[in-house]
Each structure stands twice: as structure tokens, then as C-alpha cells.
Amino acid sequence: MTDIEKPTNFIQQIITADLEANRVSQVVTRFPPEPNGYLHIGHAKSICLNFGLAEQFGGHCNLRFDDTNPEKEEDEFVQAIIEDVRWLGFNWAGEPRFASDYYDQLYSWAIYLIEQGKAYICELNAEQMRDYRGTLTEAGKNSPYRERPAAESLELLEKMKIGAADEGSMTLRAKIDMASPNINMRDPVMYRIKKMPHHRTGDKWNIYPSYDFAHGQEDAIEGVSHSVCTLEFAANRPLYEWFAANLPLPSVPRQYEFGRLNLNYTMTSKRKLKQLVDEKHVDGWDDPRMPTLSGLRRRGVTAASVREFCNSLAVAKTDGVVDVAQFEHFIREDLNNNAMRAMCVLNPLKVTLSNYPVDQEELLSAAGHPNRGDLASRQLPFSRELYIDRDDFSLDSTLSRKKFKRLVLGDYVRLRGGYVISADDVVTDSSGEVVELICSYVPGTVGEDPPEGIRPRGVIHWVDANNCVDCDLYLYERLFNVPAPGAGEGSFVEQINPESLKIIRNAKAELGLGSAVVGEHYQFEREGYYCVDSKYSSSEKLVFNRTISLR
RNA sequence: UGGGGCGUCGCCAAGUGGUUAAGGCAUCGGGUUUUGAUCCCGACAUUCGGAGGUUCGACUCCUCCCGCCCCAGCCA
């Protein structure tokens, strides 16, 4: 058995080189979500990368909330993000950090830049600023406030800070180059006025730093060695470096960009996911159809499979679209290896074994998992009355054995973990619908081959009609059945798959499932993987979510 | 028509001048099987966006061309 070594990605190569050349002594990374929504599968890639890198190189990774915009941020999101990262299995160094922890430091650096003649208060309004910025092909023009004395800017900054200036009336800008071919360098805004309470600093501030003025400095304060972000920030890197070069920072982190994860048939846009939640198209952020980590968790997707999937992804600068089938492969792989087996009849059809004693009852023992001896076996009550799935019986006896490996009149089938039975007769109601099957069991066939001449067509699942538990099943399909929801024109809301949730009432589950609890994973044999729903299941009504079907 | 980035099998992707162009997903065959699952075997790029060039030798170096993505928020 040879271990296939996973090729190292470009970031690992850079870190290795930095370590060898002594450019860095300690690898420090960070996962920097903005608490304006829930984490989704796309974030998982970044989390696995950042925490993974720190682990591989013996460093550490910080969890840092980039909370520089009180307009969109809430504590609810902070708590949810903490829970999700923990669930994924990662531990950050120390306490979670917040950009807002550094507001004072950032403010003093702003003063420093003004004093150095490298920042100024600009009184252009938003529209004017846009005009002055120029376009992709034309250089911008200097703001008329660009050369105002530092003392004046300092005074105005203080005024902004204490709330003595109106929102939108002025900003603090870095004095860089209005003719730069990189638009981000055309005197970017460092501070803007927002007279709004912050989820952590309350009403202490009336101004908030922009992403560009905050992010790199947060990294420097934390001693981040490699600041890994997604591709769309590549154009911000020169600015990241400009601040690092012009401020007396405690360390100089380097930014590297990689391609974010895109999945087909999946929408990963916090804004749009929020819209699904706000407009109640889904049952909250943790709706099992959502690509959020909380949704996946409630759906029954394991943290291990999310990690395995993320680790299988390339860390490169290409921005491709991964087939969601690849994610599903890892979900099934983990569940197949670890989920307890059980039987549940979704669409019950009663079966009476005419040759089985009326009062007899026995307990059959079945493996908890076909190839995991370490998992406990289970007891299956068996009696004269059973349920099988309607789909496992056909009135059409001409169906070939190969095409229909289930029950037909006059032929045999194996009850999984139990006896071989044959169907002798059907009971129909007034409308002609089959309501019951009269069958015979073949004694001595539990765990044994049937006698010569009896060849079961296949194996079907079943449940003892007198000793089973009722449950509701929530069957989920993908939320969108278009490959790129939200891409073309038209609203993604109209692209929601109307059949993404089908509820089955009163399915019949094997007795042992009555004690199933949240967090356990089951394979309902021949059906799919299920878990107890954390929101709707109760002692009165057992509710299972279908994580994913069998292939 | 500015700047930045990317183009290797249906999808993801390794490859860093000399390999029979890895691997995974998907797909299609066959075998095992008390889950039509799992598992196992096999098939699946004479070719690396295109055209030139350098070289004994190029997916890897050079030139030009084509295509896609990102940047003109007081969002991140």
C-alpha cells in the first residue's frame, strides 16, 4: 500500500521557501469572516486551507471577525460562525479576534498618515468622488482637498470621530496616486462616517475603517505571516502593501490569493442566501437545502466529509466550477463507512404471512454495518404481519428477474436479515388498489440459503407491523435544478426547485430507530442516508431528514 | 482600447525543458454481494486555448493572437 502524496499547492511552496530562507519563523494564518451572514460551503474551503496550513507548518490560525461595517453585522452571525468553525473541527489560537479590537490602534495610524502628509480629509460627496476617480481607461483627478494642511485634516478627522460631521459629508483618504492604472490606488477611502451603533463597540465610534485600511493592519497586529484570501482581492494587494510600507507596523504580512470554491447547482452568495432566508423561501439559514454549514449539518452531512471534500480541492489561481457530484461523493463515502444500517419503509404495504403462527414473535439479529464488526448489531422483531414498500411489489409477474429484483405473485424474495418469502395472493379494496399481500415464509431461511429450487429474486427491506415506529421523512433534492442559479437574467427565486422538499408522513421505521438522536447518522438500507432533524423531531413525532440517497 | 489574473479529458486537477501527459469526480463495460449500495477489475487526452519560434528535445522558454474572470462601494 503506497501512500499517494498530495501534491503541494503554491501557497505551501511559498511557505516552505519562506521558512527555509528564514523570512518567517512562525507560520500564522487567519480565517477572517465578516459577521454579516452564515458560513457556507465556500467558506469551508478557506477554513480548511487556513487552519490546515497552520497545522501543517506547526503554526497557528486565528479566527478574526472583520467587523468594520456595523450596517450589516450582527452578534447572531458571530455566534453562528463560531459554532460552525468548531463543528468543522478546528481550534483557533486564543480567543476569537475582532477588527473592532483594533479600532483605537487604527485611528492612531490614521493620524500618523495625516501627519506624514499621506492622508487627508476629503469633502467630496460620493457622486463627486466617483467623477474624480476617472474610469478604467482614464486617469482620475486630484481632489481639491488633497493638499489641505495636516492640521486641518487632523481637526476634521476628530470632528468626524465625535459625530460632528454629517454622514457622507467627508472621508479620510490615503494620498496615493489618482492616475494609477490600478483604481484601488486612486486615493482610497480609509474612514467613512456611519452614525450607527456597532455590535461590539456600541456608540463609541461615528467613523469606521474601510476594508483596505483595516485588513492588512489587523494581520500585522496579529503577526499573521501569510494572509490568504480569494482572487478578487488581488487588485487590493498593492494597497495592502502600500499601508504596510507607510505605517510603523509590528510585522509585515504578505497577501496571497487563491481561487474560491464554486459549485454547480449551488448558490454561494451571502447576499442571495440572506434573501432566501429573509423572504422565507427556505426554513432559515439552517434549512437542510441551504449550502450553509448549519444547513449541511442539519441535513446530516458530516464535518469529516466536508473536510475531506475541501482537502481534495486544488488550491490554485484558477476559478473553476466544481461539480456538486464531487461533494456528494465525499458525503456518501463517509456515511457509507460509518453510518449505522437500519430499515425504514417509506410507503408501507401490509404483508401477512399466512403460514406463520398467529401469536409467534421472534427477534432476529442484524448487523449494524455490513463490514464494520465494531458497530453494534441490532434486534429486529419479526411476526406474522409486516410492512414492505409498495414499490417492492408488482402485479406484473412478467417482469424479468433481472429487471425487477423484487416481489411478484408466485415468486420469492429475501427479507433483508430475515426469511425468504413468496407472494401468494393480493387483497384489493373496492377501487382495485392492492392493500395487502398474502405471503408465505420459508422456514429455516434466516441466515441460511433457501432449499434447492427456491431462488429469491432479490433482497428487500421490511419492518414488523406490530413492532415498529412511525416517523416523518423529509426528502430533499437540490434547491436549484439549474447549473448556475442566479447567473443569467431573471431572479434566482424563480429557479428554486419546487420539488426540493417532499415530506413523507407516517413511514414505518424499525423499532430501534425509536431511540435515534440528533447527531447520529443512519443508512436506511436501499433508500439513503438519514438523520434526526434537530428542529422538528420530538418525542411525539420522530422526524428524519434524508441527507442523500444511495446511488 | 487601463490594470490584475487564468486557460491541460464532460468537471476538478498534477505536471516547475527529457514521464507511456498522474489522480479524483462523472460516464461506460465486467465480477462479487442477504442493500439494484459498498467493494473489485477494465475502458476513458497521440495531446496540453490557437498560430508561429527557440531547442537534439516544449504542457513546460519566447512572440503574437483568441477566450474567460476580477477592479471604477464612503461593501468585504
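Below, chain A is the first sequence line, B the second, and so on; all start at residue 1.
- Close to B:C12, at under 4.0 Å from its OP1 or OP2, lies no side-chain N or O of A:T318.
- A salt bridge links A:D278 to A:K274: at least one charged side-chain nitrogen sits closer than 4.0 Å to a carboxylate oxygen.
- Between A:L313 atom CG and B:G24 atom P there is a gap of 16 Å when expressed in whole angstrom units.
- Pair assignment for B:U20: none, as no Watson-Crick or G-U wobble contacts are both less than 3.5 Å.
- No contact: A:V420 has no heavy atom under 4.0 Å from any strand.
- Using C1' as the reference atom, B:G31 and B:G23 are 24 Å apart when rounded to the nearest Å.
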**Request:** Any chance you could list the contact pattern along nucleotides 66-76 of chain B? Use B for base contacts, S for sugar-phosphate-only contacts and - for none, protein heavy atoms under 4.0 Å, 5' to 3'.
**Result:** ---SSBBSBSB

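- With C1' as the reference atom, B:G7 and B:G15 are 15 Å apart, rounded to whole Å.
- The gap from the C1' atom of B:C66 to that of B:G52 amounts to 14 Å, rounded to the nearest Å.
- Side-chain N/O atoms of A:Y211 and A:N69 include no donor and acceptor closer than 3.5 Å.
- Counting any heavy atom pair closer than 4.0 Å across all strands shown, A:E138 reaches no nucleic acid atom.
- Whole-Å rounding puts the A:D391 CG to B:G36 C1' distance at 13 Å.
- For the C1' atom pair drawn from B:U20 and B:C44, the interatomic distance equals 16 Å after rounding to whole Å.
- Comparing the C1' positions of B:G53 and B:C41 gives an interatomic distance of 46 Å, to the nearest angstrom.
- Put simply, CD on A:E328 is 18 Å from P on B:C11, counting in whole angstrom units.
- Because its glycosidic torsion is more than 90° from 0, B:G23 is reported here as anti.
- Between A:Y103 and A:H198, the ring centre distance stays below 6.0 Å.
- Pairing for B:C44 is absent, with no Watson-Crick or G-U wobble pair whose two atom distances lie under 3.5 Å.
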**Prompt:** In the 5'-to-3' direction, what one-character label does each nucleotide of nucleotides 27-35 of chain B receive under the scheme B = base within less than 4.0 Å of a protein heavy atom, S = sugar-phosphate only, - = no such atom?
**Reply:** S------BB

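- For B:G36, the base has a donor-acceptor partner in the side chain of A:R406 [N/O atoms by modelled type, under 3.5 angstrom].
- In this structure B:G7 sits in a base pair with B:C66, meeting the Watson-Crick or G-U test at under 3.5 Å.
- Computed from coordinates, the A:K317 NZ to B:C12 C1' distance equals 19 Å when rounded to whole Å.
- Listed by first and then second residue, the side chain to side chain donor-acceptor pair (under 3.5 Å) pairs involving residues 445-460 of chain A are A:D411-A:R457 (not counting sequence neighbours).
- Checked for salt-bridge contact, A:E34 and A:K72 miss the test: no charged N lies under 4.0 Å from a carboxylate O.
- Protein atom NZ of A:K45 is 11 Å distant from nucleotide atom C1' of B:A13, rounded to whole Å.
- Between A:W205 and A:Y107, a ring centre-to-centre spacing shorter than 6.0 Å is recorded.
- B:A13 is unpaired under the Watson-Crick or G-U wobble criterion, no partner having all donor-acceptor distances under 3.5 Å.
- Within the structure, ring-ring contact (aromatic ring centres under 6.0 Å, His included) pairs that include any residue of residues 158-196 of chain A comprise A:Y191-A:F213 (at least two apart or interchain).
- Ion pairing between a basic and an acidic side chain is recognised when a charged N comes within 4.0 Å of a carboxylate O; A:E73 and A:K194 show no such pairing.
- Nucleotide B:C61: paired with B:G53 (Watson-Crick or G-U wobble, both distances less than 3.5 Å).
- A salt bridge links A:E328 with A:R478: the closest approach of a Lys/Arg side-chain nitrogen to an acidic carboxylate oxygen falls below 4.0 angstrom.
- Only the P atoms considered, B:A51 is 15 Å distant from B:U46, to the nearest whole Å.
- B:G4 sits 15 Å from B:U63 when the P atoms are compared, rounded to a whole Å.
- Remark: A:R30 engages A:D219 in a salt bridge (Lys or Arg N to Asp or Glu O under 4.0 Å) (not counting sequence neighbours).
- Residues meeting the ring pair (Phe, Tyr, Trp, His ring centres under 6.0 Å) test with A:F404, sequence neighbours left out: none.
- Between A:F404 atom CZ and B:G36 atom C1' there is a gap of 11 Å when expressed in whole angstrom units.
- Regarding A:I11, its CD1 atom lies at a distance of 17 Å from the C1' atom of B:U16, rounded to whole Å.
- Rounded to an integer number of Å, the gap from A:E333 CD to B:A26 P is 10 Å.
- Separation of the P atoms belonging to B:C39 and B:C48 is 34 Å when rounded to the nearest angstrom.
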